[in-house]
Amino acid sequence: MISVDEGLFSPGLKRRTLVFGGAAAVVANSVRIGEAEINDSLKARAARKGLTFGSEVTVRALRESTLLSNVIIADCAMIVPGVEMKWGVTEKNRGKSDYQNGEILADFAKANGMSLRGHTALWHRNTPSWTNGLLNTMGGKDVLLKRVADVVSHFRGRVIEWDVVNEALEPSDNLPGEMRNWPPFAKGDPGYVAEAFHAAAEADPGALLFYNDYGFEYYSDGQERKRAGALRLIEELRKRNTPLHGFGVQSHLKVGNNFKANVFRKFLADIAAYDLKISLTELDINDDRLPYDIAERDKGVADHAQAFLEAAFDEPAVTRLLVWGMSDANTWLNSDRPRQDGFKHRALPLDENYKRKPLWHAIAKAFDNASPR
Ligand code: XIL
């Protein structure tokens with residue numbers, strides 16, 4: 001048994017107690033993780049092809065269900081914290097760092113042989129309120145670079161892959177290079193992005209440093225511009241000798257959007273041509289355009305993901321897939337992108353009772369069909 005003691009997540013407990021048993025089976029209410037499941041787990045199927053499978057997780061979700069840790073440990077070789085490393089959490093009060101929940105997840109990963117992604121050092125959302133108005137002043141740049149150095153050095157040697165900069169592109173802001181209109185990137189200057197990567201490399205020379213963003217997956221004018229903006233940004237970073245090692249394609253999909261495999265594959269090949277690794281970092285599938293019927297929705301979601309993953313895994317530079325949560329019990333879509341009919345999304349590989357859905361099997365099949373890396 002590989003399990004996590006409930007005490008692990010009790011507030012106030014500094015070190016966690018982890019329980020490792022001998023048998024391969026964990027029986028927890030309705031969820032049974034036995035020998036067969038472990039051999040056909042998503043992480044095992046991925047590993048056979050030189051790929052890594054992982055999931056987003058939060059301390060809050062782990063505390064809400066003791067079953068979640070079991071399914072994460074069974075299927076995942078990597079985890080990424082949903083909120084615990086974001087600036088608004090780690091430095092809510094200026095100068096007072098709070099890594100408590102990030103530490104819990106780092107320890108959870110280590111104790112169970114999972115690697116850790118870092119998410120995210122620099123992002124225009126989830127910034128602490130004390131930064132309001134400060135970032136576009138003369139001292140703003142130093143504040144930002146200090147933030148990057150702080151969080152990356154705190155987890156030095158433990159995070160193998162960092163999203164150093166998240167979502168710096170926004171075509172609808174109409175700035176040069178499709179840069180987002182956020183103080184550091186105002187007027188389209190990618191200089192801050194480069195400096196953030198330099199600060200991260202100094203803080204942890206061993207980590208793989210990624211640029212991460214959404215809106216590259218579909219065929220539309222806005223996404224054409226965003227793909228072009230990303231390639232231009234990489235070019236600008238290269239010119240500045242930036243230590244950039246990888247590119248994160250968030251992969252927040254939506255059934256009904258126009259996916260063209262050849263367009264997406266070409267984009268991945270263009271990124272790979274810069275000798276960058278590609279991770280699919282936040283896969284989930286918004287099913288708002290599908291009717292309530294569960295079987296129909298599960299099939300629609302699985303088919304959509306399968307077409308996407310098959311195209312993605314065609315590109316050898318794609319080496320990791322992370323889902324933004326394992327279970328429908330934990331998708332952010334219900335709070336941040338609710339279905340119009342008010343029903344819950346079925347966006348993730350496991351249902352609310354941690355049972356495998358057609359999406360789980362679609363991911364498994366995509367790994368099985370992938371060529372070895
Ligand atoms: C999301 C979290 O999952 C939510 O809990 C929060 O309300 C908003 O942020 N792109 C990202 C992630 O890079 O950090 C976001 O995470 C989802 C979109």
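Quick caveat: nothing in here was measured; it's all calculated off a predicted structure.
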Quiz prompt | Test: R240 and E236 ion pair at under 4.0 Å | solution = yes
Practice problem: Find out whether S327 and V71 are in side-chain contact, i.e. whether some heavy atom of one side chain is under 4.5 Å from a heavy atom of the other. | Solution: no
Quiz item: Other than F210, which residues form its hydrophobic cluster under the rule that side-chain heavy atoms must be closer than 4.5 Å?
Solution: L208
Quiz prompt | H154 side chain to E103 side chain, donor-acceptor N/O pair below 3.5 angstrom | solution = yes
For residues 88-97, which side-chain N or O atoms pair as donor and acceptor with protein atoms under 3.5 Å away, sequence neighbours left out?
residue : atom : partner : partner atom : Å
T90     : OG1  : R147    : NH1          : 2.8
E91     : OE1  : W87     : NE1          : 3.1
E91     : OE2  : G95     : N            : 2.8

Quiz item: Can you list every salt bridge (Lys or Arg N to Asp or Glu O under 4.0 Å) pair that touches residues 245-272, not counting sequence neighbours?
Solution: R265-D314, K266-D270
Practice problem: State whether a side-chain donor-acceptor pair under 3.5 Å links D287 with H345. | Solution: yes
Exercise. Test F264 against every option in F308, F216, F313 by the ring-ring contact (aromatic ring centres under 6.0 Å, His included) rule and name the one that passes.
Key: F308
Quiz item: Side chains of Q250 and N166: donor-acceptor distance under 3.5 Å anywhere?
Solution: yes
Practice problem: Answer whether the closest heavy-atom distance between the side chains of F185 and L233 falls below 4.5 Å. | Solution: no
Quiz prompt | N-O pairing of K146 and D142 below 4.0 Å | solution = no
Practice problem: Using only heavy-atom distances, determine whether the side chains of R289 and N257 contain a donor-acceptor pair under 3.5 Å. | Solution: yes
Exercise. Find out whether V249 and L280 are in side-chain contact, i.e. whether some heavy atom of one side chain is under 4.5 Å from a heavy atom of the other.
Key: yes
Quiz item: Side chains of L268 and F247: does their closest heavy-atom pair fall under 4.5 Å?
Solution: no
Quiz item: Got a salt bridge between D40 and R356, using NZ or NE/NH1/NH2 to carboxylate O under 4.0 Å?
Solution: yes
Quiz item: Is the closest basic N to carboxylate O distance between R346 and D298 below 4.0 Å?
Solution: yes
Quiz item: Can the positive tip of K226 be found less than 6.0 Å from the middle of the six-membered ring of Y214, inside 45° of the ring normal?
Solution: yes
Self-check item: Electrostatic pair K277:E161 at N-O distance under 4.0 angstrom
Solution: no
Quiz prompt | Cationic N near anionic O, under 4.0 Å, D351 to K357 | solution = no
Self-check item: Residue pair D213 / E167, side-chain heavy-atom distance below 4.5 Å
Solution: yes
Quiz prompt | Heavy-atom side-chain contact between F259 and L253 under 4.5 Å | solution = no
Self-check item: Pairs satisfying ring pair (Phe, Tyr, Trp, His ring centres under 6.0 Å), at least one member in residues 218-246, at least two apart
Solution: Y218-H304
Quiz item: Under the 4.5 Å side-chain heavy-atom rule for ILVMFWY, direct or indirect, which residues accompany M138?
Solution: none
Practice problem: Of all the heavy-atom pairs spanning A61 and L68, show the shortest one and how long it is. | Solution: CB-CD2, 3.6 Å
Practice problem: Could you name each residue pair satisfying side-chain hydrogen bond (donor to acceptor under 3.5 Å, both in side chains) that touches residues 189-201, not counting sequence neighbours? | Solution: K141-E195
